[in-house]
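Have a look at the structure below, then the notes.
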Number of protein chains: 2
Amino acid sequence: MQDGKRRTNKERSETTRAALLEAARRLFIEHSYAGTGTPELVAAAEVTRGALYHHFADKQALFRAVVEAESRTVAEEIERAAPEDLPPLDALIQGGEAFLAAMAVPGRTRLLLIDAPAVLGRRELDAIDALHGGRTLREGLDAAMRMNALRALPLDATAQLLGAAYDRAALAIEGGADPAAWRVVLKALIDGLAAAPA
Amino acid sequence: MQDGKRRTNKERSETTRAALLEAARRLFIEHSYAGTGTPELVAAAEVTRGALYHHFADKQALFRAVVEAESRTVAEEIERAAPEDLPPLDALIQGGEAFLAAMAVPGRTRLLLIDAPAVLGRRELDAIDALHGGRTLREGLDAAMRMNALRALPLDATAQLLGAAYDRAALAIEGGADPAAWRVVLKALIDGLAAAPA
DNA sequence: CAAGAAACATACAGTCTGTACGCAGAAACT
DNA sequence: AGTTTCTGCGTACAGACTGTATGTTTCTTG
């Protein structure tokens, strides 16, 4: 009892924080935010509610941390798949493809696209998204517009509208829809924004 | 106590049901679904919790009824503004305009676009939407495609993706964004789907 | 008008959230 | 090393909420 248990405070904190985040991610994805109680959550993490409320202000703060981490993961997966040296329009399609692949991880759509806006509010979710997932799309659009591959349009609005379309596609695909049809329409939307030859 | 209170059962039911629905709509819009407790709700409706659970299976069922009613109202406002005799593309833009106007009613975006998917699930919300709001867009797209004003694309996916874009636009506008920029991009998206002259 | 049903009202049990307080181990200080 | 302070965490508690069960009143029906 006194050998393997000699840990520094930082170690203790990081261990329980990680356990909480992992359990929270699993349960929020499995049963949704509202459907997961803190007693069940801390049991899964093998800590107590005291530890939870020591590390996070409330249940919502824990959820926010989970969403931020998941959002960052998605952004990383997209950037890892981004080839950089493609024509701008193809790069957008590729990035979109990577997004859909990343969102195919079970439960991610509900966590990031359904629960997160309701729990955190769209305002705060936009702030998170601006740092991670949405940023990649925005950068891609900006590059495409600068290279005159896309019509000049308000960047923010365009990024958000295209992002919303991709979000819905991810939801539909997770819901069992035929991915091919959705890809076709997404490509048509992007092609439609291409610079007019006139 | 026995004069003005002689009412048939149907009258009683309809009165309290209406009171519940109206109070629920107000409070769900003001404080969100999770932020509105049934005690507060029934107090606002001037009935008791017993009446609530007599008319609705649970809080979620009441919420569903509110969402259905609000969704129907939005659809009606859109159809009232639909001029029928416009060129298909203009009709789409007009319908979209009517949608944005309808969604400008304070709180509607959170009720229908944020809370509803989280509380009812996207599956069930799609079913409601197919009867009301989403149906109008789908019909408009179908007409436009039949008249060769739009490229032939999978109808369901196209309707959902455009719908998602309009939803996001409504959210952004309620959030204080400049409506003009968003209208420009929405129009660009639709124009981009127009039948290629080739 | 009596009997049954419908529309409520009230009381209760279970669960959840956030907070207050207490304790043990680590860190800081001398 | 010893003492003090602080951090991390466990436990107990108060308040609120949801859904149910049961009682009461008002209508309906034969």
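Letters go in sequence order (proteins before strands), and every chain restarts at 1.
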Are [X] and [Y] ion-paired here, with the side-chain N under 4.0 Å from a carboxylate O?
X: B:E174; Y: A:R122; result: no
X: A:R26; Y: A:E30; result: yes
X: A:E139; Y: A:R135; result: yes

Are there any protein N/O atoms within less than 3.5 Å of an N/O atom in nucleotides 28-30 of chain D, and if so, which ones and at what distance?
unit_1	atom_1	unit_2	atom_2	d
D:dT28	OP1	B:T8	OG1	2.2
D:dT28	OP1	B:N9	N	3.1

Is the shortest side-chain N/O distance from [X] to OP1 or OP2 of [N] below 4.0 Å?
X: B:H54; N: C:dC8; answer: no
X: B:H55; N: C:dC8; answer: yes
X: B:T16; N: C:dA7; answer: no
X: A:S13; N: D:dG8; answer: yes

- How are the rings of A:F63 and A:F28 set to each other: parallel, tilted or perpendicular (split at 30° and 60°)?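 Geometry flag for A:F28 against A:F63: perpendicular rings.
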Using atom names, set out every protein N or O paired with an N or O of nucleotides 16-18 of chain D below 3.5 Å, distance rounded to 0.1 Å.
unit_1	atom_1	unit_2	atom_2	d
D:dT18	OP1	B:T38	N	3.4
D:dT18	OP1	B:K59	NZ	3.3
D:dT18	OP2	B:T38	N	2.9
D:dT18	OP2	B:T38	OG1	2.3

- Task: Apply side-chain contact (heavy atoms from CB on, under 4.5 Å) to A:I128 and A:L120, showing your working.
- Result: CA-CA 10 Å; A:I128 295 175; A:L120 304 178; 4.0 Å; yes
When the distance from [atom1] of [X] to [atom2] of [N] is rounded to whole Å, what number comes out?
X: A:E11; N: C:dG25; atom1: CD; atom2: P; result: 16 Å
X: B:L20; N: C:dA7; atom1: CG; atom2: P; result: 13 Å
X: B:R12; N: D:dC27; atom1: CZ; atom2: P; result: 6 Å

What side-chain donor-acceptor pairs closer than 3.5 Å can you find for residues 152-173 of chain A, not counting sequence neighbours?
unit_1	atom_1	unit_2	atom_2	d
A:D156	OD1	A:R138	NH1	2.1
A:T158	OG1	A:P154	O	2.6
A:Q160	OE1	B:R168	NH1	3.2
A:D167	OD2	B:R168	NH2	2.9
A:R168	NH1	B:Q160	OE1	3.2
A:R168	NH2	B:D167	OD2	2.9

- Message: If you assign each of A:G50 and B:Q60 to its closest nucleotide in DNA chain D, which residue comes earlier from the 5' end?
- Response: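 Closest to the 5' end, via its nearest nucleotide, is A:G50.
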- Between A:K59 and A:Y33, is NZ or CZ placed under 6.0 angstrom from the six-membered ring centre and within 45° of the ring axis?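 A:K59 over A:Y33 ring: yes.
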- Item | Separation of B:R25 CZ from B:T73 OG1 (nearest 0.5 Å) |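 The distance works out to 8.0 Å.
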- Item | From CA spacing to verdict: side-chain contact (heavy atoms from CB on, under 4.5 Å), A:V74, A:H132 | CA-CA 8 Å; A:V74 169; A:H132 306 308; over 6 Å; no
